[in-house]
Amino acid sequence: MNLKQQQYINGKWVDALSGNTREIINPFNQEVIAAVPEGDEADTKAAIAAARKAFDNGEWSETPATERGAIVRKIAELIERDKEELARLESLDTGKTVEESRGDMDDIAGVFRYYAELADKNGGELIDSPVPNSISRVVHEPVGVCGQITPWNYPLLQASWKLAPALATGNTLIMKPSEITPLTTIKVFELMEEAGVPAGVANLVLGAGSTVGAELSSNVDVDLISFTGGIVTGKKIMQAASANVKKLALELGGKNPNIIFADADFETAVDQALNGVFFHAGQICSAGTRLIVEESIHDEFVSALVERVKKFKLGSGFDEDTQMGPLISAEHRAKVEEYVETGIKEGATLAVGGSRPEDPELQNGFFYLPTIFTDCTTDMSIVQDEAFGPVITVEKFREEEEAVKLANDSVYGLAGGVWTNDIPKAERCVKKMRMGTVWINDFNLYFPHAPWGGFKQSGIGRELGKLGIEEYTETKHIFQNLKPEPVNWF
Ligand code: NAD
């Protein structure tokens with residue numbers, strides 16, 4: 001591997017100031033795949049100082065938007081050039097299948113391309129002024145220095161949702177990837193350097209949330225924090241960010257309902273219900289882990305799911321026939337195991353799974369069997385809490401209104417789905433569903449043009465789409481009086 005495996009601060013590849021390093025582990029076999037610098041508050045302060053200077057000197061924010069767009073487009077091209085290397089690196093680091101990682105890389109290049117196109121289309125607008133002989137206009141300016149903190153499940157995809165709009169709009173930034181999965185983010189910083197992003201504009205600090213992340217969130221020289229991760233961390237960041245009333249963009253978790261009506265296309269709904277959860281071993285913020293199934297088809301639907309789940313092929317993400325890889329870490333698998341134990345204690349019925357696989361080939365990896373609980377009710381913590389693993393809870397309903405009520409009974413509001421061939425019914429449901437994304441007869445589809453984010457405690461703000469640009473801009477109203485006269489009030 002040709003990776004620099006260093007931090008990138010002020011245009012230089014550097015080790016941690018402390019000299020500390022952290023081993024990066026392959027979740028499939030626990031082999032050490034890299035040792036990367038373990039930065040801390042000191043490295044973060046150096047990166048913030050570089051980003052502050054690069055923003056305040058105006059070199060990047062005053063670069064014509066078309067030129068910034070061209071650099072962002074070049075990053076997309078370089079990602080496409082190095083797609084296979086990036087995909088394999090992502091799979092090595094996360095355990096997900098290479099096929100899925102290849103899809104991620106296409107999506108990531110698409111995100112950079114999308115924001116490259118938008119870079120010079122945010123010139124503002126003239127608005128009607130109530131005063132004769134005046135000009136009133138609204139312009140959009142970069143927010144300034146952005147701290148960007150990403151999770152481990154879709155390391156580079158989540159990074160791209162933040163890097164591309166921030167660069168396109170003229171901000172400077174410090175990115176902190178998850179300490180567990182930094183490898184593809186390091187590689188993309190190499191590509192950003194190659195694409196011509198000037199020194200100091202994009203900085204990369206590696207290390208823990210409690211040090212690097214906390215410094216970014218509380219440092220008064222950071223103007224915005226864009227965070228994707230868990231709800232508990234999100235709340236801590238909100239508190240820390242109050243130090244200088246930073247702008248906040250939070251993409252937190254989800255406990256996403258998937259409503260299946262009896263009149264849906266049965267086979268497709270079964271297939272997509274599985275796809276909506278077990279992709280990347282359920283470690284997806286938008287996984288449809290709360291199945292809400294109409295009573296008349298409930299038993300048949302669950303049997304069909306169970307039959308399919310029993311045939312899943314678990315294995316190395318590098319094997320072509322693998323459908324599901326391992327969980328990300330020993331700690332994370334322990335959390336999923338605790339969650340399943342809780343479900344059993346709460347009285348849910350384990351329909352399938354509920355343990356580690358016995359296959360001797362999988363014993364060195366952090367594998368967990370795909371698991372389905374039935375007889376679930378909304379008062380159970382397994383129906384309320386995010387497992388972030390390969391676990392489905394199934395609830396039953398009789399009436400349309402009951403289905404929507406169950407779907408909305410959550411502190412989260414990230415995404416949800418409705419399966420039915422009765423389109424007016426689907427429209428009635430989605431109108432009442434309190435989530436940032438709702439799919440009708442689909443699940444988990446997203447693309448760069450459509451905004452992504454959560455209602456309720458799933459977050460604040462939106463990434464992707466045109467709204468993704470708005471997160472990274474401040475709006476300024478400029479009023480010019482062309483014929484100033486005394487007011488004669490005082
Ligand atoms: P996490 O909250 O543990 O960590 C996310 C990031 O925050 C990591 O980089 C971590 O180092 C950092 N961090 C930890 N403590 C911090 C602190 N005190 N201050 C600042 N930063 C800190 O989440 P995770 O386990 O990496 O990821 C899983 C979670 O992410 C799930 O809850 C999932 O739903 C959520 N997620 C949400 C979306 C979305 O789009 N809404 C997308 C992906 C993941």
Side-chain angles (χ1 to χ4, degrees), residues 22 38-41 44 93-94 96 104 107 111 147-162 174-182 185 204-219 222 225-243 246 248-256 277 279-289 327-329 331-336 339 385-389 410-415 435-437 444 446 450-465 468 471:
R22 176 190 290 262
E38 176 73 358
D40 59 24
E41 290 86 348
T44 315
D93 209 356
T94 61
K96 70 170 72 172
D104 286 357
D107 290 349
V111 170
Q148 305 186 321
I149 303 174
T150 54
W152 47 257
N153 62 333
Y154 280 81
L156 194 52
L157 186 71
Q158 298 300 330
S160 72
W161 293 11
K162 301 184 190 303
I174 308 98
M175 169 154 284
K176 188 207 98 60
S178 166
E179 57 274 36
I180 311 176
T181 55
T185 307
L204 173 70
V205 184
L206 306 173
S210 56
T211 53
V212 179
E215 180 63 36
L216 277 178
S217 312
S218 59
N219 192 301
V222 175
I225 287 284
S226 174
F227 168 76
T228 302
I231 203 164
V232 174
T233 315
K235 287 177 185 176
K236 280 190 201 159
I237 287 175
M238 281 183 93
Q239 280 178 342
S242 69
K246 288 184 209 314
L248 274 178
L250 301 177
E251 298 286 345
L252 306 179
K255 185 74 185 178
N256 312 289
V277 176
F279 226 51
H280 195 19
Q283 302 168 115
I284 307 183
C285 55
S286 56
T289 49
L327 296 177
I328 192 70
S329 66
E331 296 74 31
H332 188 57
R333 179 170 63 180
K335 277 192 206 158
V336 172
Y339 174 95
D385 299 340
E386 195 183 28
F388 219 57
S410 171
V411 297
Y412 292 104
L414 186 61
M435 290 129 219
T437 297
N444 261 345
Y446 60 90
W452 180 260
F455 282 28
K456 301 198 256 178
Q457 293 187 35
S458 283
I460 298 176
R462 292 292 179 272
E463 292 192 298
L464 298 183
E471 293 290 351

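Whatever order the structure lists ligands and atoms in, that order sets their numbers, starting from 1. Start at 1 with the first residue, then count along the sequence.
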Student: Please determine whether any non-hydrogen atom of Trp152 lies less than 4.0 Å from an atom of ligand 1.
Tutor: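 In this structure, Trp152 qualifies as a contact of ligand 1 - some heavy atom is under 4.0 Å.
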
Student: Lys235 vs Gln457, test: side chain to side chain donor-acceptor pair (under 3.5 Å). Steps then yes/no.
Tutor: CA-CA 10 Å; Lys235 287 177 185 176; Gln457 293 187 35; 3.2 Å; yes

Student: Which of these, Ser217, Ala240, Gly459, Gly229, has its nearest heavy atom closest to atom 30 (O) of ligand 1?
Tutor: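 When every heavy atom of Ser217, Ala240, Gly459, Gly229 is considered, Gly229 comes closest to atom 30 (O) of ligand 1.
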
Student: Name the closest protein heavy atom to atom 13 (N) of ligand 1, giving the residue it belongs to and the distance to 0.1 Å.
Tutor: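 Checking every protein heavy atom, the shortest distance to atom 13 (N) of ligand 1 gives Gly209 CA, 3.3 Å.
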
Student: Please evaluate residues Ser410 and Lys255 with respect to the criterion side chain to side chain donor-acceptor pair (under 3.5 Å), reporting the C-alpha separation (whole Å), side-chain torsions for both, the decisive distance (0.1 Å), and the verdict.
Tutor: CA-CA 7 Å; Ser410 171; Lys255 185 74 185 178; over 6 Å; no

Student: Which atoms from ligand 1 have a heavy atom of Ser178 less than 4.0 Å away?
Tutor: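 With Ser178 as reference, the close atoms of ligand 1 come out as 9 (O).
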
Student: Is any N or O atom of Ser210, backbone or side chain, closer than 3.5 Å to an N or O atom of ligand 1?
Tutor: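 N/O-N/O distance under 3.5 Å: no.
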
Student: What atoms of ligand 1 come within less than 4.0 Å of a heavy atom belonging to Asn153?
Tutor: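 It comes down to these atoms of ligand 1: 43 (C), 44 (C).
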
Student: Considering non-hydrogen atoms only, spot the tightest contact between Arg462 and Glu471 and give its length.
Tutor: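 For Arg462 and Glu471, the tightest heavy-atom pair comes out as N-OE2, 2.6 Å.
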
Student: Quick check: do Leu248 and Ile237 have side-chain heavy atoms less than 4.5 Å from each other?
Tutor: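 Sidechains of Ile237 and Leu248: in contact.
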
Student: Counting heavy atoms only, which part of Ile237 comes closer than 4.0 Å to ligand 1: side chain, backbone, both or neither?
Tutor: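 For Ile237, the contact with ligand 1 is made by the side chain alone.
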
Student: Establish, for the pair Lys236 and Phe227, whether the NZ or CZ atom is under 6.0 angstrom from the six-membered ring centre and no further than 45 degrees off its axis.
Tutor: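 Here Lys236 fails the 6.0 Å and 45° test against Phe227.
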
Student: So for ligand 1, is Thr228 a polar contact partner (N or O within less than 3.5 Å, distance only)?
Tutor: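 No; the residue has no nitrogen or oxygen that sits under 3.5 Å from a nitrogen or oxygen of the ligand.
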
Student: What I'd like to find out is whether the side chain of Asn256 reaches to under 4.5 Å of the side chain of Met435, using heavy atoms alone.
Tutor: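 No, side chains not in contact.
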
Student: Please report the closest heavy-atom contact between Leu327 and Arg333, naming both atoms and the distance.
Tutor: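 Here Leu327 and Arg333 meet closest at CD1-CA, 3.7 Å.
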
Student: Given Phe388, Phe227, Trp452, which has its nearest heavy atom closest to atom 40 (O) of ligand 1?
Tutor: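 Selected option, by shortest heavy-atom distance: Trp452.
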
Student: Answer yes or no: is there a side-chain heavy-atom contact under 4.5 Å between Ser217 and Ile149?
Tutor: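 Yes; the side chains approach each other to less than 4.5 Å.
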
Student: Counting only nitrogen or oxygen atoms and a 3.5 angstrom limit, does Gln158 reach ligand 1?
Tutor: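 There is no such contact.
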
Student: Checking contacts here: is it the side chain or the backbone of Ile149 that comes within 4.0 Å of ligand 1, counting heavy atoms only? Could be both or neither.
Tutor: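 Only the side chain of Ile149 comes within reach of ligand 1.
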
Student: Side chain, backbone, both or neither: which applies to Thr150 and ligand 1 if a contact is any heavy-atom pair less than 4.0 Å apart?
Tutor: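 Near ligand 1, Thr150 shows its backbone, while the atoms from C-beta on stay back.
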
Student: Any atoms of ligand 1 less than 4.0 Å from a non-hydrogen atom of Leu252? List them with their elements.
Tutor: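 Counting atoms of ligand 1 from 1, those under 4.0 Å from Leu252 are 37 (C), 38 (C), 39 (C), 41 (N).
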
Student: Do Asp93 and Pro182 come close enough that some side-chain heavy atom pair is under 4.5 Å?
Tutor: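 Of all side-chain heavy-atom pairs linking Pro182 with Asp93, at least one is under 4.5 Å.
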
Student: Starting from atom 15 (N) of ligand 1, what is the nearest protein heavy atom, named by residue and atom, and what distance separates them?
Tutor: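 Minimum-distance protein heavy atom for atom 15 (N) of ligand 1 reads Thr233 CG2, 3.3 Å.
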
Student: Using a 4.0 Å cut-off to any heavy atom of Leu414, which atoms of ligand 1 qualify?
Tutor: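 Here the atoms of ligand 1 in question are 41 (N).
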
Student: Test Thr185 against every option in Gln158, Met175, Lys176 by the side-chain contact (heavy atoms from CB on, under 4.5 Å) rule and name the one that passes.
Tutor: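 Of Gln158, Met175, Lys176, side-chain contact (heavy atoms from CB on, under 4.5 Å) with Thr185 is met by Met175 alone.
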
Student: I need the atoms of ligand 1 closer than 4.0 Å to a non-hydrogen atom of Gly230, numbered in the order shown.
Tutor: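 Result: 1 (P), 2 (O), 23 (O), 29 (C), 30 (O), 32 (O).
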
Student: Mind telling me whether Trp452 and Tyr446 have parallel, tilted or perpendicular rings, with 30° and 60° as the class edges?
Tutor: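 Taking Trp452 first and then Tyr446, their aromatic rings sit tilted (interplane angle of 30° to 60°).
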
Student: Should the proximity of Glu179 to ligand 1, defined as any heavy atom under 4.0 Å, be assigned to the side chain, the backbone, both, or neither?
Tutor: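 Contact part for Glu179 vs ligand 1: side chain (C-beta onward).
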
Student: For atom 21 (N) of ligand 1, what is the closest protein heavy atom, and at what distance to 0.1 Å?
Tutor: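 I find the closest protein heavy atom is Gly213 CA, 3.6 Å.
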
Student: Looking only at heavy atoms, which two atoms of Glu463 and Thr228 are closest? And how far apart?
Tutor: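 Shortest heavy-atom separation between Glu463 and Thr228 comes out as OE1-OG1, 3.7 Å.
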
Student: Nearest protein heavy atom to atom 36 (N) of ligand 1, by residue and atom, and its distance?
Tutor: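 For atom 36 (N) of ligand 1, the nearest protein heavy atom is Cys285 CB, 3.5 Å.
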
Student: Using a heavy-atom cut-off of under 4.0 Å, does the side chain or the backbone of Glu463 touch ligand 1, or both, or neither?
Tutor: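 For Glu463, there is no contact with ligand 1 at all, from either part.
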
Student: Have a look at ligand 1 and work out which part of Val212, if any, has a heavy atom under 4.0 Å from it: side chain, backbone, both or neither.
Tutor: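 No part of Val212 comes within reach of ligand 1.
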
